[in-house]
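Working notes for the structure below.
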Amino acid sequence: MKSLVSVIMGSHKDYMTLKRQKLDEQNTNQRFLLEDGKVSQIFKGVSVYITGFTDPPSAVLKEIVLRNGGSVQMFFSKTHVTHIVASNLPDFKVKLWKNDMIVTPLWIVDCDAAQSRLSEAKYILYRTSENIKDMMTKNEVNIVKSVSKNIPETTSKDFVGEFYSNSRLHHLSTSVSELRHEVSRLQSQYHPSYMPTNRKQTASVIVHVDIDCFFVSISLCSRPHLRGKPVCVTHAKPNDKLDSYAEISSCSYEARKFGVQNGMFLGNALKLCPNIITVPYEFESYHKASNELYRILVEKTPYVEVVSCDEAFMDIVELVDISDETLIQEFVQDLRSQIHSSIGCTVSAGIGPNKLVARMATRQGKPNGQYVCYSEESVQDYIKSQPLQNLPGIGRATCHKLELQNFKLCGDLLLKSKAELSDLLGPKTGETVYYYCRGIDLRDLILKHERKSISVEINYGIRVETIKELETFLLNLCKELDNRMKAEKVSGSLVTLKLKERSENAAVEPIKYMGHGICDNISKSVNIANATNDGSVIHSKVMSLVNSMTLIPRDIRGIGVQISKLKDSSLDQKNFANTNKKISKGSKDVPICTSFQCSVPEFLGHKNTGDVKNIIKNWCESPEPYQVDVDKVDEYLSQLIKYQNINFVQELLKFMRKILKERGVPEWNAVFNSTLQNVQRQIHVILNGILNLEDL
DNA sequence: ATCCTCCCCTAC
DNA sequence: TAAGGTAGGGGAGGAT
Ligand SMILES: Nc1ccn([C@H]2C[C@H](O)[C@@H](COP(=O)(O)OP(=O)(O)OP(=O)(O)O)O2)c(=O)n1
Ligand SMILES: [Mg+2]
């Protein structure tokens with residue numbers, strides 16, 4: 001209840017917002033408190049492992065078990081599991097678990113119905129052994145793996161890469177910055193003298209192009225027999241059933257007629273459209289199609305803004321006669337048909353005086369059509385008839401606020417003043433909405449983009465038991481971040497840790513397999529003295545954040561790391577080397593730890609402990625401690641701890657303390673204390689111990 | 001006023 | 001089973 005209580009003490013409005021949001025979660029039926037607040041205990045001490053397809057489905061069984069005081073294990077383990085639940089098991093599994101209690105799902109259902117713990121006798125899964133032979137080579141490998149490996153796969157080495165290679169949202173998100181680079185390349189190829197600058201949208205003819213049901217369209221290129229049918233792209237196999245919580249990435253317009261939408265669970269879509277056909281992802285093809293789309297656009301004009309892999313704005317004011325609408329229509333027709341014949345997908349387009357109107361017009365043109373809304377008069381007429389939901393940037397929450405005031409259409413706001421809207425929505429949003437409702441868009445066409453942050457985040461399949469496991473996973477994430485930062489040639493100096501934590505009343509296992517379920521979001525950030533793109537430095541900072549929070553590792557359902565306050569990494573100043581004239585002469589301009597491969601941490605390029613001690617000695621004798629230098633020392637000590645060279649950590653700290661004690665300067669003593677505290681925290685977390693600085 | 005931190009919201 | 005990411009805008013509330 002933490003979050004709800006704290007919000008109740010805030011304002012009523014916020015409470016309602018939060019509550020609505022939680023009820024909106026796709027899985028509202030996963031709470032397990034009884035209405036009277038008591039919890040059934042008939043499964044107390046029961047710990048089940050559900051395997052294979054069951055009837056009822058595993059999500060239902062989990063809910064029943066949890067509601068009745070039992071627990072559900074995601075991985076089989078002889079020590080933790082009391083009951084294996086299965087509807088059907090191949091013989092080799094029966095054999096593998098012959099000494100364990102294997103029951104049918106009916107046991108759980110019946111116990112729940114009777115509200116008492118029935119004998120398992122009648123529910124033992126029995127399966128006659130017959131000719132199974134080698135039906136299982138592949139399955140067996142999987143089983144053996146999940147049995148021997150009862151640790152969650154979250155911490156596994158390949159988890160991050162494996163997840164990302166299958167994540168549509170990852171591909172979707174990362175494609176944008178790739179396409180910005182591609183557009184820049186195309187601009188210099190087709191328009192060598194063009195210098196990118198953002199453009200005001202005064203005197204513009206903006207075209208918004210958007211491929212129709214992009215992912216589906218691509219799939220249909222190689223499956224022409226599916227044209228005209230309800231089709232969707234999803235990971236779930238076609239034979240999976242109505243209880244699938246796989247998300248639909250994109251669905252055809254035939255499926256939309258039934259109410260199916262992008263982002264919907266397959267199971268729900270099947271309820272609306274039982275005949276929907278599923279096809280798999282083809283990430284490589286999307287990539288090629290996007291590149292070709294942008295090639296065609298940039299070939300026409302350099303004024304192209306990347307929106308997403310299937311969507312862009314372009315300003316064609318220099319290519320058409322602004323007063324000749326027929327000419328504009330023809331130009332866009334040609335453009336669309338060129339795209340269609342080149343990549344095989346139909347495209348829709350909207351044309352207007354700015355991005356806002358063009359974007360809204362595309363909706364009118366879809367699918368496979370176009371709509372011009374350019375003259376002052378048609379803009380006013382069109383916009384005022386539009387639902388507020390359709391305004392870009394105005395989504396569910398904002399719309400809800402406006403609906404509470406009885407506003408539904410853009411036209412409904414025309415009598416409201418800027419001040420009134422600002423009171424309701426905040427100063428910026430209020431003003432934006434005020435102008436949007438009048439068809440006015442004060443944004444620029446973005447042709448020169450500057451990245452402000454870079455982040456990695458996984459909120460799927462995250463199950464950790466200990467801080468140590470969290471640390472391992474974070475190290476993998478930071479490696480990924482390190483790669484991306486180096487590829488993008490940026491470094492940054494604000495490190496933010498983002499976590500999802502299971503909400504107080506949310507079921508331990510959400511209804512969606514390995515999903516995050518209902519969560520509270522937590523974020524915490526720390527500034528670092530020098531911009532870095534070194535994953536191991538970031539990791540140590542992130543661990544100090546982890547350290548400073550009170551976390552229940554098993555409740556963590558999502559983990560991310562974001563870097564902001566970015567700089568161009570080629571301009572990175574190696575600050576220690578500059579300021580360290582006070583510390584030591586002649587040290588090299590080398591970052592402390594440049595890669596994860598080094599097995600011995602470096603301090604200013606020195607691995608040799610004697611050299612390091614000399615540098616530290618000089619530093620400790622310098623007049624004044626600089627924070628940048630303190631950070632470097634702290635980072636080095638973190639590295640030592642990570643590589644388990646605790647002896648040298650101890651030696652170095654005692655060495656520093658000896659020098660500083662003699663000096664007796666308060667600032668330096670403070671530095672030493674904070675450094676020591678840092679070290680103790682990390683040793684506590686990583687090695688579960690305390691460093692003794694006294695004897696030895 | 002302006003900044004900062006910790007969020008929430010939105011879009012694809 | 002399933003692969004619920006990512007970047008940017010901006011608001012609330014406190015510190016400066
Ligand atoms: N919730 C979502 C929304 C979109 N996408 C992916 C699949 C879409 O094909 C692509 C482009 O998104 P659009 O919003 O443009 O949707 P479509 O292109 O599928 O349909 P439309 O014809 O409405 O543009 O992004 C996704 O994976 N999940
Ligand atoms: Mg589209």
Side-chain angles (χ1 to χ4, degrees), chain A residues 3 10-11 14 17-18 21 25-27 50-54 57-59 62 74 153 159-177 179-180 210-211 214-215 234-237 240-241 243-247 249-250 262-263 265-267 281 306-311 359 389 391-401 422 425-432 443 446 449-462 484 494 496-498 500 509-517 519-527 557-558 560 562 564-566:
Chain A
S3 60
S11 78
D14 288 340
T17 306
L18 185 70
Q21 189 187 317
E25 255 286 335
Q26 291 135 330
N27 19 343
I50 304 170
T51 178
F53 291 94
T54 54
S58 66
K62 281 177 198 166
M74 298 309 295
E153 63 177 334
F159 175 73
V160 172
E162 176 75 9
F163 172 77
Y164 279 135
S165 73
N166 288 303
S167 164
R168 80 186 201 280
L169 290 174
H170 166 74
H171 287 275
L172 208 55
S173 306
T174 50
S175 68
V176 173
S177 81
L179 286 166
R180 288 202 180 107
D210 185 331
I211 299 178
F214 181 43
F215 288 9
T234 171
H235 279 302
K237 301 291 174 294
D240 289 343
K241 281 279 172 53
D243 62 336
S244 169
Y245 293 92
E247 279 178 35
S249 173
S250 178
N262 291 359
F265 287 148
L266 177 62
Y281 289 90
V306 176
V307 178
S308 76
C309 61
D310 82 323
E311 195 179 334
R359 174 75 192 82
Q389 262 282 15
L391 292 175
I394 307 303
R396 218 167 29 95
T398 316
C399 237
H400 182 81
K401 281 188 195 169
S422 297
L425 304 174
K428 296 281 201 173
T429 314
E431 183 174 14
T432 303
R443 297 171 299 174
I446 305 295
H449 180 84
E450 277 210 24
R451 178 190 275 280
K452 299 195 169 119
S453 69
I454 186 163
S455 63
V456 285
E457 186 168 345
I458 297 182
N459 299 306
Y460 179 84
I462 302 295
R484 293 194 203 171
L494 182 67
T496 304
L497 172 66
K498 304 167 61 165
K500 278 187 181 291
E509 277 312 321
I511 201 145
K512 181 183 170 84
Y513 175 72
M514 281 293 171
H516 56 61
C519 286
D520 298 327
N521 298 311
I522 311 170
S523 81
K524 195 161 184 197
S525 45
V526 59
N527 281 293
R557 293 288 177 272
Q562 182 186 61
S564 40
K565 299 197 180 166
L566 297 186

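Throughout, a chain's letter reflects where its sequence line sits, starting with A, and its residues are numbered from 1. Basis for what follows: all heavy atoms, side chains included, without hydrogens, waters or symmetry-related copies.
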Self-check item: Minimal non-hydrogen separation, A:G515 against A:R557, with atom names
Solution: O-CD, 4.3 Å
Exercise. Just call it for A:T398: base, sugar-phosphate, or nothing, with non-hydrogen atoms closer than 4.0 Å on any strand.
Key: sugar-phosphate
Exercise. Just call it for A:E431: base, sugar-phosphate, or nothing, with non-hydrogen atoms closer than 4.0 Å on any strand.
Key: nothing
Exercise. Among C:dA2, B:dT10, C:dG8, find the nucleotide with the atom closest to the side chain of A:K452.
Key: C:dG8
Exercise. Would you mind classifying the nucleic acid contact of A:V456 as base, sugar-phosphate or nothing, using non-hydrogen atoms under 4.0 angstrom?
Key: sugar-phosphate
Quiz prompt | Among B:dT10, C:dA3, C:dA7, the one nearest A:A397 by side-chain distance | solution = B:dT10
Exercise. Identify which nucleotide among C:dA2, B:dC12, C:dT6 has an atom closest to any side-chain atom of A:E457, counting heavy atoms from C-beta outward.
Key: C:dT6
Quiz prompt | Touch class at under 4.0 angstrom, heavy-atom based, for A:L391 against every strand present | solution = sugar-phosphate
Practice problem: Go through C:dT6, B:dC6, C:dG8 for me and flag the one nearest to the A:S525 side chain. | Solution: B:dC6
Exercise. Have a look at A:D310 and say if it touches a base, only the backbone sugar-phosphate, or nothing, with a 4.0 Å heavy-atom cut-off.
Key: sugar-phosphate
Self-check item: Closest-nucleotide 5' rank along DNA chain C - winner of A:N166 and A:S453
Solution: A:N166
Quiz prompt | Backbone of A:H170 reached by a side-chain donor or acceptor of A:T174 within 3.5 Å | solution = yes
Exercise. Identify whether any heavy atom of A:S173 sits under 4.0 Å from a base atom; if not, whether one sits that close to sugar-phosphate; answer base, sugar-phosphate or nothing.
Key: base
Quiz item: Between B:dC8, C:dG10, C:dG9, which nucleotide gets closest to the side-chain atoms of A:N521?
Solution: B:dC8
Quiz prompt | Per A:Y460 side chain, nearest of listed nucleotides C:dG11, C:dA3, B:dT10 | solution = C:dA3
Exercise. Go through B:dC12, C:dA7, C:dA3 for me and flag the one nearest to the A:K512 side chain.
Key: C:dA3
Quiz item: For C:dT6, does either OP1 or OP2 sit under 4.0 Å from a side-chain N or O belonging to A:T174?
Solution: no
Self-check item: A:H449 side-chain N/O to C:dG8 phosphate OP1/OP2 under 4.0 Å
Solution: yes
Self-check item: Donor-acceptor contact below 3.5 Å, side chain A:K498 vs main chain A:S523
Solution: no
Practice problem: Check for a donor-acceptor pair, side chain of A:S173 on one end and backbone N or O of A:L169 on the other, with a separation under 3.5 Å. | Solution: yes
Quiz prompt | Selection from B:dC6, C:dA7, C:dG9 that lies nearest to any side-chain heavy atom of A:S523 | solution = B:dC6
Quiz prompt | Protein-nucleotide distance (A:M514, atom CE; C:dA3, atom C1'), rounded to Å | solution = 11 Å
Quiz item: Within the structure shown, what part of the strands sits under 4.0 Å from A:Q562 by heavy-atom distance: base, sugar-phosphate, or nothing?
Solution: nothing
Quiz item: Can A:K500 and A:N459 be counted as having a side-chain donor-acceptor contact under 3.5 angstrom?
Solution: no
Exercise. Taking A:T429 for its side chain and A:G426 for its backbone only, find out whether a donor-acceptor pair lies under 3.5 Å.
Key: no
Exercise. For A:E450 and C:dG8, give me the distance from atom CD to atom P, rounded to whole Å.
Key: 10 Å
Quiz item: Just to confirm, is there a sub-4.0 Å distance from OP1 or OP2 of C:dT1 to any side-chain nitrogen or oxygen of A:S244?
Solution: no
Quiz item: How about A:Y460 and A:H516: are their ring centroids closer than 6.0 Å?
Solution: no
Practice problem: In whole angstrom, give the distance that lies between atom CG of A:L172 and atom P of C:dG5. | Solution: 12 Å
Practice problem: Using a heavy-atom cut-off of under 4.0 Å over every strand shown, decide if A:K524 touches base, sugar-phosphate, or nothing. | Solution: sugar-phosphate
Practice problem: Could you pick out which residue, A:G515 or A:G426, lies toward the 5' side of DNA chain C when each is mapped onto its nearest nucleotide? | Solution: A:G515
Quiz item: Choosing from C:dA7, C:dG5, C:dG10, which nucleotide comes nearest the side chain of A:H170?
Solution: C:dG5
Quiz prompt | Side-chain N,O (A:R484) to OP1/OP2 (C:dT6) below 4.0 Å | solution = yes
Exercise. Scan A:Y164 against the nucleic acid and name what it touches under 4.0 Å (heavy atoms): base, sugar-phosphate only, or nothing.
Key: sugar-phosphate
Quiz prompt | d(CG, A:D520; C1', B:dC7) in whole Å | solution = 12 Å
Exercise. For the side chain of A:R451, starting at C-beta, report the closest nucleotide among C:dA2, C:dG8, C:dG11.
Key: C:dG8
Practice problem: Just call it for A:G393: base, sugar-phosphate, or nothing, with non-hydrogen atoms closer than 4.0 Å on any strand. | Solution: sugar-phosphate
Quiz item: What integer distance in Å separates A:H171:NE2 from C:dA7:P?
Solution: 15 Å
Quiz prompt | Smallest separation among heavy atoms of A:V307 and A:V176, with atom names | solution = O-CG2, 3.8 Å
Quiz item: Contact class for A:R359 (heavy atom, under 4.0 Å): base, sugar-phosphate, or nothing?
Solution: sugar-phosphate
Quiz item: Atom CD1 of A:I394 to atom P of C:dG9: distance rounded to whole Å?
Solution: 15 Å
Practice problem: Write down the distance between CD1 (A:I454) and P (C:dT6), rounded to a whole number of angstrom. | Solution: 10 Å
Quiz item: In whole angstroms, how far is the P atom of C:dA3 from the OH atom of A:Y245?
Solution: 13 Å
Quiz item: When all nucleic acid strands are considered with a 4.0 Å heavy-atom cut-off, which category describes A:N527: base, sugar-phosphate, or nothing?
Solution: sugar-phosphate
